[in-house]
Amino acid sequence: MPSLRPWTDRELATLAALAETFVRGDALRRARLTTDALERAADPAQVEQLRLVLRLMESRLVNLLIAGRSTSFRQMSPAARERYLLGWGRSRLALRRSAFHGLRKLMTFLAYADPGTPGPNSRLTAMGYHPDEAPVATEPTPIRPTRPPFETGSPDEPMVLEADAVIVGSGAGGGVVAAELARAGRSVVVLETGPFVDEASMPTNELDAYDRLYLNHGLLSTWDGSVTMLGGSGVGGGTLVNWMTCIAAPESVRAEWATDHGIGGLDGSAWDDDVMAVETELCVAETTTIPPKDAVILRGAAALGWEAAPTRRNSSGCDDCGSCPFGCRRGSKQSGIRVHLAEAFRHGARIVPRVRVTRVVIEGGRAVGVEGDALWMDPQTGEPLTDPASGQPRTRRLVVRASTVVVAAGALRTPAVLTGSGLDHPAIGRHLRLHPAPVVAGFFNEPIDMWRGPLQAARSLEFGEPGPGRNAYAIESAPGHPGLVALAMPWEGVDEHADVMARGRRIAPLVAVTRDGGEGRTSVTKSGRVRIDYRLDSSGVATLRHGLVSMARLSRAAGATELVAVGATPRWHGRGGFESGLEETSFDRYVEDLEAFDFSPNRGAVFSAHQMGSARMGADPRDHACDPDGRVRAGSGGRRHGDPVIGGLYVADGSLFPTAIGVNPMVTIMVMARRVARTILAEGRA
């Protein structure tokens, strides 16, 4: 990756002024944390755009034109800075809104995710955040990574590994395929971009967790910042940090995949057997402990006569600590490093972390291996080695030769690997689905402590099938630790935001995991990073609005005294109380507001933790990058060889989904990966 030019004192001073305006205290530290985060996670083009914004904010002429005052941002009074930023956040200009919300999310997150140096972060103690520390696993993590032979041969020559199969990515799909192939006697190499983190070394705070275990160090979003996203990055992928809710694709979705996309075998005993096998491997069971944040769903649904039930989760002996998004130090989460990757490892699979695969090697219309850059790690400290001349992390080229190549790098990275390999099928990178989710937060009189207990212990599928003018969605709790809460909650001024955070123990946030109306695409920037673009269509907006209304009704029925629908211009109900007898009338008006909520980019807050569909499978060779068994279609380049697919090349992750499914995708990804593994084994080594 190209290095950025150093940040100037002037830029740091402006960032510090911004940090102080969003949240008081530690402004210079947060300014430096901001630059560090941007250098690690943001595309250089986006960073340069941000630096332009910082210059514009300090321009008297620009501020005279857009704010009516010829004063630089740093010279404004604190109150004037707030008004200035709120004007940017609600501007008609998309660039100004994008810049405001990007900085606001990052700087409020850092204010509350930072554990503090040298002592504890006083903001966390002031809000009553005292998380339970997870005990360390008594049984060691059952896998160990393979170190490439960095010291052998010339550093200018690639290292070479040989295998029957190489799998790019170690998440839900890659882990399942690795287990199935290794169990069948195939020699397997699994390559993962992220690190291997032993359970005993899992993070214990948000800042460390997002830095080490999440895509883009936790700063993942669409290019314009309108959808805030989370995705795992490490050996185990999303299974390492997800909230463990296990729901298979609904029957109506599978029927659509069969009818509209020509995919057979998704009904009857074949599907049921695969789901049962996956759930047995994962020890999926109904949650037995219902913490207050999830009792809100069950209590509200009972009052309204709606469907709701405890979730089924892939965990064993765990119902208390709430540190699931930091990885599971206890070892009770049945993630990839405990289940499928562990099974593959027991059967001889080599798991190689810190390898960024850049292309599949294709010869004569057939995949024969992959190439990538392996990060050179110090064998004693485990830290990346740096090049003395450039100061950049030291890498060495790695080639894995294999007759079977499975790309399971996730719906954001799989298309980048395929296009980097010279494949040009028009559906690669398109049809991206994100399960866009709006948020309603309910404030209760009693403590909720959303960060304690099973992260998602209950859900409502009352709206799990499409309705008039809307798509399906599931209502779930949206538990967060303080950094994520600070990022998600609305910012209407420094005091208003501080007041919301001070009441953080009493907040129960809900999300509606909606089945997409609209879609997106991925592409690769000049710097080699993945760019994500996404737009909702009218049905998507209608679904988000319907979800807001349903969550508001559910939270109110459960006893919330105050509600907020999150966005640039949030909608509040109950703020300041009611005059006697007027609550019902006020809520009716509130529902009308939610039914017209503005979800244009960076106006309505939208979140996502699921990515799907960017190399989708289906029968139509013109509009599906993969065939119904996960084989990658050749595109125009492959057809020159006369073959409709690239021999030996498969996809096995959420990229395969023809559409979104409207529920948490892990189980369905694993089921589809089993399908791909069966295809590979049936086709043999030829």
Side-chain angles (χ1 to χ4, degrees), residues 146 148-150 152-170 173-174 177-178 181-182 186-193 349-376 395-410 413-425 428-429 522 524 528 530 614-615 625-627 629-653 655-656 676-677 679-680 683-686:
T146 295
F150 286 106
T152 62
S154 168
D156 297 326
E157 295 295 324
M159 302 172 287
V160 179
L161 299 177
E162 304 273 354
D164 295 327
V166 58
I167 300 168
V168 182
S170 65
V177 175
L181 299 189
R186 304 288 181 91
S187 64
V188 173
V189 169
V190 180
L191 303 179
E192 167 59 48
T193 303
R350 289 164 285 173
I351 301 169
V352 188
R354 299 286 196 179
V355 180
R356 180 175 176 266
V357 172
T358 54
R359 76 180 186 109
V360 178
V361 181
I362 299 172
E363 296 176 357
R366 181 172 186 85
V368 296
V370 301
E371 292 183 3
D373 296 312
L375 192 62
W376 199 320
T395 62
R396 187 171 170 190
R397 200 69 174 161
L398 175 68
V399 173
V400 181
R401 295 174 179 153
S403 57
T404 296
V405 176
V406 182
V407 184
R413 305 298 174 93
T414 285
V417 174
L418 296 178
T419 56
S421 310
L423 300 179
D424 61 356
H425 192 285
I428 294 175
T522 66
V524 179
V530 174
S614 53
C626 296
D627 75 5
D629 293 303
R631 305 178 188 91
V632 178
R633 289 196 164 101
S636 63
R639 282 196 293 273
R640 285 196 294 268
H641 300 285
D643 296 321
V645 298
I646 301 294
L649 180 58
Y650 308 83
V651 166
D653 58 24
S655 307
L656 289 176
V676 174
T679 299
I680 295 170
E683 292 179 345
R685 299 173 186 267

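Computed from a prediction, not measured in an experiment: that's the story for all the values here. All residue numbers refer to positions in the sequence shown, counting from 1.
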Inset, instruction - Would you kindly say whether Arg413 and Ser614 are connected by a side-chain donor-acceptor distance under 3.5 Å? - result: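 No, Ser614 and Arg413 have no side-chain donor paired with an acceptor closer than 3.5 Å.
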Inset, instruction - For Asp373 and Thr358, test the side chains for any donor-to-acceptor distance below 3.5 angstrom and give the result as yes or no. - result: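 Side chains of Asp373 and Thr358: no pair found under 3.5 Å.
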Inset, instruction - Salt-bridge test for Glu192 and Arg354: reply yes if a basic N is under 4.0 Å from a carboxylate O, no otherwise. - result: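 Here Glu192 does not pair with Arg354 in a salt bridge, since their nearest N and O are not under 4.0 Å apart.
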Show the nearest heavy-atom pair for residues [X] and [Y], with the distance to one decimal.
| X | Y | answer |
| --- | --- | --- |
| Leu181 | Ala165 | CD1-CB, 3.8 Å |
| Asp424 | Ala634 | OD1-O, 4.0 Å |
| Pro415 | Gly410 | CD-O, 4.0 Å |
| Ala652 | Val177 | CB-CG2, 3.7 Å |
| Ala178 | Val190 | CB-CG2, 3.8 Å |

So do the side chains of [X] and [Y] get within less than 4.5 Å of each other, counting heavy atoms only?
| X | Y | result |
| --- | --- | --- |
| Val400 | Leu191 | yes |
| Leu161 | Val399 | no |
| Thr404 | Tyr650 | yes |
| Val645 | Val632 | no |
| Val189 | Val352 | yes |

Please check if the side chain of [X] supplies one atom and the backbone of [Y] the other of a donor-acceptor pair under 3.5 Å.
| X | Y | answer |
| --- | --- | --- |
| Ser421 | Val360 | yes |
| Asp164 | Arg186 | no |
| Arg396 | Ala374 | no |
| Arg350 | Pro148 | no |
| Arg359 | Glu371 | no |
| Asp627 | Asp629 | yes |

Just how far is it from atom [atom1] of [X] to atom [atom2] of [Y], taken to the nearest 0.5 Å?
| X | Y | atom1 | atom2 | value |
| --- | --- | --- | --- | --- |
| Leu649 | Leu418 | CG | CG | 6.5 Å |
| Ile680 | Ile167 | CD1 | CD1 | 7.0 Å |
| His425 | Cys626 | NE2 | SG | 8.5 Å |
| Leu423 | Ile646 | CG | CD1 | 5.5 Å |

Legend entry - Val407: which of Val357, Val166, Thr414, Val370 passes side chain to side chain contact (heavy atoms under 4.5 Å, CB included):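 The passing option is Thr414.
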Inset, instruction - Using salt bridge (charged side-chain N to carboxylate O under 4.0 Å, His left out) as the criterion, list what pairs up with Glu162, not counting sequence neighbours. - result: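 Counting only residues at least two positions away or on another chain, Glu162 forms a salt bridge (charged side-chain N to carboxylate O under 4.0 Å, His left out) with Arg401.
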